[in-house]
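A, B, ... follow the sequence lines: proteins, then strands. Residue 1 opens every chain. What you see is a predicted model; the values in this text were computed from it and never measured.
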Protein chains: 2
Amino acid sequence: METSLPKFDSTFSIDCVIFGFEAGELKVLLIERNQEPFKDWWALPGNLVNNDEGIEDAAGRILDELTGLRELHMEQFHTFGEVDRHPQGRVITVAYFALIRINGKKEVKPMTGFAKNASWHAINDLPKLAFDHIKIFETSIQKLRRRLSYQPIAFELLPEKFTLTQLQLLYEAILNKKLDKRNFRKKMLSYGFLKELDEKQKGVSYRAAKLYKFDRRKYNKIFQNDMNAI
Amino acid sequence: METSLPKFDSTFSIDCVIFGFEAGELKVLLIERNQEPFKDWWALPGNLVNNDEGIEDAAGRILDELTGLRELHMEQFHTFGEVDRHPQGRVITVAYFALIRINGKKEVKPMTGFAKNASWHAINDLPKLAFDHIKIFETSIQKLRRRLSYQPIAFELLPEKFTLTQLQLLYEAILNKKLDKRNFRKKMLSYGFLKELDEKQKGVSYRAAKLYKFDRRKYNKIFQNDMNAI
DNA sequence: TAAGATAGTGTAAAATTTACACATTATCTT
DNA sequence: AAGATAATGTGTAAATTTTACACTATCTTA
């Protein structure tokens with residue numbers, strides 16, 4: 001498979017680990033490759049960076065092209081630069097994670113022929129991945145966990161209005177451990193950046209929970225001197 | 001200065017923020033450039049990555065060439081990829097910080113003609129830096145602060161045998177705030193990874209302090225399940 | 001042997017974290 | 001409409017951690 005492909009000179013690419021939260025599970029968006037090498041394998045969405053675009057811009061563009069998703073929260077987390085990462089030549093890859101509210105957007109449509117398919121996979125049940133993408137994924141989850149404690153990233157994964165139980169389930173999914181309900185709620189509310197709405201959950205067949213919103217303005221006020229955070 | 005220089009295609013480089021601790025101050029090693037652009041300016045040691053070397057290796061090599069330092073603790077912390085970072089063309093730079101025990105090695109000798117000089121600068125008193133190096137530096141110190149709380153990096157900056165006061169001064173320098181002596185010592189010792197030696201500080205004109213060593217084996221045992229750390 | 005300089009030490013109050021269980025509310029079923 | 005079902009929402013006491021705070025001990029030098 002790999003021997004007949006042309007070699008290229010040093011190139012530069014971006015890979016994205018796109019996280020979503022659905023049905024109490026943390027998921028990652030993978031594409032099914034439509035090109036050699038690793039044709040038909042699952043992979044992280046990624047592509048080469050153009051010479052005339054900044055890497056942040058490139059990350060946004062690539063994400064859009066491969067998944068049709070735009071304007072997501074994206075953060076760089078590591079750069080991978082081993083010489084043998086790619087069978088066709090030297091590729092240095094800056095990895096980003098992106099956070100998305102899956103909501104209704106369950107269906108994702110690749111915008112290029114590069115990927116023939118894109119779908120969500122539970123992080124505990126990933127298929128075999130192309131290149132060194134499993135390593136990139138593992139690094140991403142470590143960084144995500146770490147940042148969860150000092151950046152308000154959880155709210156990028158939830159709908160605008162959410163219940164405290166949903167928030168807790170998300171924390172549990174990211175941290176991969178159970179949390180105590182009362183303590184979790186007490187702590188979250190104590191920060192003061194959650195705004196209780198006059199609205200309740202709908203469409204559930206049991207007592208509906210109160211909805212909350214993340215109040216970014218308050219968050220910024222509270223953590224402006226930073227170096228603290230959640 | 002910049003208009004007459006040739007343009008190059010996209011290239012890939014590494015810059016290092018080299019931290020040292022001396023006389024109670026956190027310092028950074030800068031080189032004085034010997035080439036355009038920014039000839040005679042102070043800059044972070046950095047250079048292009050070769051096509052046949054991994055970026056970790058490149059970081060080590062570049063550091064060695066520009067400063068004569070080897071085998072330092074190095075960690076990647078961010079990649080800078082704006083299109084206009086370099087006047088001669090597009091350069092994407094992976095930034096590393098390196099930690100060094102200044103000890104006797106105060107004199108640093110660049111091994112290439114690329115830098116005509118290298119010297120230590122207190123972080124609160126840096127000269128004007130070439131390119132976007134001040135931004136890289138600022139990012140590095142933020143990352144360093146963050147990592148101080150979950151990785152045993154302080155010990156990379158101290159001599160093998162150190163006093164608790166030295167350790168505290170280092171923490172204060174990195175975090176840029178005063179700490180309480182009794183609380184600091186209590187906390188540090190409570191971790192259990194500092195080994196008290198039967199030896200005392202020498203050459204001081206006052207009561208000599210006990211010396212301690214960082215016991216990495218114990219550290220690893222304590223934090224093997226990690227996600228906690230200091 | 002006195003002066004100078006830093007090392008080394010303990011405790012109480014405050015704040016935070018942890019552990020833990022049941023009554024409430026809404027829906028659904030019969 | 002009564003009961004079953006399913007998740008919401010709530011408080012307290014104990015344990016732990018963090019904070020604030022000041023004096024004696026030890027060594028060197030003059």
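- We find that OH of Y212(A) is positioned 10 Å from C1' of dT8(D), with the value rounded to whole Å.
- Taking 4.0 angstrom as the limit, K187(A) places none of its side-chain polar atoms (N or O) nearer than this to OP1 or OP2 of dT18(C).
- The OH atom of Y206(A) sits 18 Å away from the C1' atom of dT29(C) (whole-angstrom rounding).
- Nearest nucleotide to the K186(B) side chain, out of dA20(D), dT6(C), dT8(D): dA20(D).
- Using a 30° and 60° split on the angle between ring planes, F223(B) and Y219(B) fall in the tilted class, from 30° to 60°.
- Distance, M188(A) CE to dT16(C) C1': 15 Å, rounded to whole Å.
- At whole-Å resolution of the value, CZ in R182(B) and C1' in dA12(C) are 12 Å apart.
- Comparing K200(A) and A209(B) by the nucleotide of DNA chain C that holds the closest heavy atom to each, the one mapping nearer the 5' end is A209(B).
- Going from atom CG of L167(B) over to atom P of dG8(C) covers 13 Å, rounded to whole Å.
- Look at R185(A) and you'll find a side-chain N or O under 4.0 angstrom from OP1 or OP2 of dG9(D).
- Using modelled atom types and a 3.5 Å distance limit, the side chains of Q168(B) and E172(B) yield a donor-acceptor pair.
- Taking atom CG on D180(A) and atom C1' on dT12(D), their separation rounds to 13 Å, with Å as the unit.
- Ring planes of F131(A) and H133(A): tilted class, angle from 30 to 60°.
- Between F193(B) and F155(B), the ring-plane angle classifies as perpendicular under the 30° and 60° cut-offs.
- Looking at heavy-atom distances under 4.0 Å, K202(A) makes no contact with the nucleic acid at all.
- Nearest-nucleotide assignment on DNA chain C puts the 5′-proximal partner with K210(B), out of K210(B) and K181(A).
- One can place CZ of R207(B) at 9 Å from P of dA7(C), the figure rounded to the nearest angstrom.
- A salt bridge links R216(A) to E156(A): at least one charged side-chain nitrogen sits closer than 4.0 Å to a carboxylate oxygen.
- The distance between atom CG of L189(B) and atom P of dT9(C), rounded to the nearest whole Å, is 9 Å.
- The side chain of T165(A) places an N or O atom within less than 4.0 Å of a non-bridging phosphate oxygen (OP1 or OP2) of dT8(D).
- If one axis is set at each end of the helix from dT1(C)-dA30(D) to dT30(C)-dA1(D) from five pairs, those axes are 10° apart, to 10°.
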